[in-house]
A.B. asks: 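This is the structure I have questions about; it appears just below.
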Protein chains: 2
Amino acid sequence: MPAQQAPTGDSDAAADDRDKPQPSLWERLDRPSPAPRTTLTPHRIAEAAVAIADTEGLDAVTMRRLATALGVAPMAAYRYVSGKDELIELMVDFVYGQLPLDTPADGWREAMHSLAVHLRAMNLAHPWIARAATPFSLSPNQLAVPERAFAALAERGLDADTTMAVFRTVAVYVHGSSASEVALEDLRRARGWSDGDETRAGLAPRMTYLMGTGRYPSYQQYLQQATRKDDPDWHFTTGLDCVLDGIAAHFGI
Amino acid sequence: MPAQQAPTGDSDAAADDRDKPQPSLWERLDRPSPAPRTTLTPHRIAEAAVAIADTEGLDAVTMRRLATALGVAPMAAYRYVSGKDELIELMVDFVYGQLPLDTPADGWREAMHSLAVHLRAMNLAHPWIARAATPFSLSPNQLAVPERAFAALAERGLDADTTMAVFRTVAVYVHGSSASEVALEDLRRARGWSDGDETRAGLAPRMTYLMGTGRYPSYQQYLQQATRKDDPDWHFTTGLDCVLDGIAAHFGI
DNA sequence: TATTCGTGTGTACGTTGTATCGAGCCGATA
DNA sequence: TATCGGCTCGATACAACGTACACACGAATA
């Protein structure tokens, strides 16, 4: 619940009156409108869209569905976002704004570990976000993530490129890991399977067919022997520890 | 190309019909039709769809556009795939089928490194595939990737769960890394920027605005000092080396 | 030659993103 | 107090999408 408010800037904007061809979404939303907003605000739009995506999936977020949820006409939101792409940018930034980035941590490793765990939790809580965002978009609240990481890494005195390499490796691992976790979850939901057992049962015919081809002896052996196939937490944590161990070893920190 | 393995009757249709009355895409495509296909084949469909996605992006792959490219009516492809989702499954499997998985390698590390490099090359050559696929889908040619990895890892005598953890960590890193590389490339193409310089120039206003807010002092310092910002190869390789170092250290192999 | 069935065609429907225009509301000005 | 110009939101419309459905063709079977 620690809420970092969505796009509210704090700069006086005294000198940046250069006329850009098209000011970015965030720049536009920053300037308070002369007339105070009444029914619609970027915040309310993002909130409603995120709620729909969380409960019904990203595909359920249509401009009409969103308008209905907001109680306005289908085209009303276009006053704030230039199109659906910007709507999704807004949603992503809104969710990143809820990341708890102020947790104290001593040492770079604990800080990166905590960051990774929080990012994964966010990806699992909003299963659509890994597909909609990339680790390096340029939205205010997304950029706060590398900012936090760089600040935590500063103590080690690494050069800039190495610092980025460390953060990027972790971020990219978390993104890919979450994406694969979420993909399975999406499949489960799409097929209407309720739990892990039903999912395994639903996937069984396909798996049986594939194994029946005889092309995958090593994989088949894995299936028979593995005991943690359905323990995503263990897989995530183990992989993360590998990554952090590797960073420590590779850069000698 | 799609599965080329022998049919192998698959006798057990006894009790495994849950909510899935229809056999999977791959199972259906396996059985040769009594009448030899004439104008359309799964292979031709996948090939044409991939060609469109490669040159015009995944969004350009519509059932109508595909039909035009194949010289058939809009609904023709529906004889082979049940809908657009299966079309994309077919495309993904087609591309994975072109991965060179038989390159010899001595040692698990060289094998995993080679696998990672090839996977990344595939993701960059077909920029849509990272968004369309996950590292663990159950299509024949996708499953060949863990199969190859497990075979290469077998020499080390790790237990099944650890073997998967190793492969998953690498696969997930490559997936996330490629996704972020491709995202920038997609942005470049979408905005019509031709090279890295134009991209940087196009992103500059947004970056200037964000830095102007003063929220990102560490990131700003990075921007000023870094010299490898535009060297994705270095970032990928460095991160991969971290991951492999970490695996070696964490599991003592 | 008559029948069957796999294959591709033609048409149509509901939904999507969004361009365009008009109406209502507001604070500022006269 | 009356007028005005700007945002804000509503209403309508359109092209393109995925795909359901019914039908026509031709080779294989009899």
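Letters A, B, ... are given to chains in the order of the sequence lines, protein chains preceding strands, and every chain is numbered from 1.
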A.B. asks: Roughly how many Å is it from CG in B:Leu58 to C1' in D:dC17, rounded to a whole number?
C.D. replies: 14 Å

A.B. asks: Look at the side chain of A:Arg64 and the base of C:dT18, then say whether one donor and one acceptor between them are separated by less than 3.5 Å.
C.D. replies: yes

A.B. asks: Quick one: B:Asp59 CG to D:dA16 P, roughly how many Å, whole number?
C.D. replies: 16 Å

A.B. asks: Tell me: CG of A:Leu66 to C1' of C:dT18, nearest whole Å?
C.D. replies: 14 Å

A.B. asks: Can you tell me the distance, in whole Å, between the CG atom of A:Leu40 and the P atom of D:dT8?
C.D. replies: 10 Å

A.B. asks: Within the side chain of A:Lys229, is there an N or O that forms a donor-acceptor pair under 3.5 Å with the backbone of A:Tyr222?
C.D. replies: no

A.B. asks: Check whether any side-chain N or O of A:Thr39 sits under 4.0 Å from OP1 or OP2 of D:dT8, and answer yes or no.
C.D. replies: no

A.B. asks: Taking atom P of C:dG8 as reference, at what distance in whole Å does atom CZ of B:Arg44 sit?
C.D. replies: 9 Å

A.B. asks: Without decimals, in angstroms, what is the distance between A:Lys84 NZ and C:dT15 C1'?
C.D. replies: 11 Å

A.B. asks: Looking at the side chain of A:Met75, which of D:dA13, D:dT12, C:dG10 is the nearest nucleotide?
C.D. replies: D:dT12

A.B. asks: Counting heavy atoms not belonging to B:Asp231, are there more than 12 under 6.0 Å from its CG?
C.D. replies: yes

A.B. asks: Between the base of C:dG6 and the side chain of B:Arg79, is there a donor and acceptor pair under 3.5 angstrom?
C.D. replies: no

A.B. asks: Is there a side-chain contact between A:Tyr80 and the phosphate of D:dC9, meaning an N or O under 4.0 Å from OP1 or OP2?
C.D. replies: yes

A.B. asks: When the distance from OH of B:Tyr78 to C1' of D:dC21 is rounded to whole Å, what number comes out?
C.D. replies: 13 Å

A.B. asks: Might you confirm whether atom CG of A:Asp85 has over 12 heavy atoms from other residues, nucleotides or ligands at distances under 6.0 Å?
C.D. replies: no

A.B. asks: Write down the distance between CE (A:Met63) and P (D:dC9), rounded to a whole number of angstrom.
C.D. replies: 13 Å

A.B. asks: Does the pair A:Thr199 and A:Arg191 meet the rule for a side chain to side chain donor-acceptor pair (under 3.5 Å), with working shown?
C.D. replies: CA-CA 9 Å; A:Thr199 303; A:Arg191 295 283 225 281; over 6 Å; no

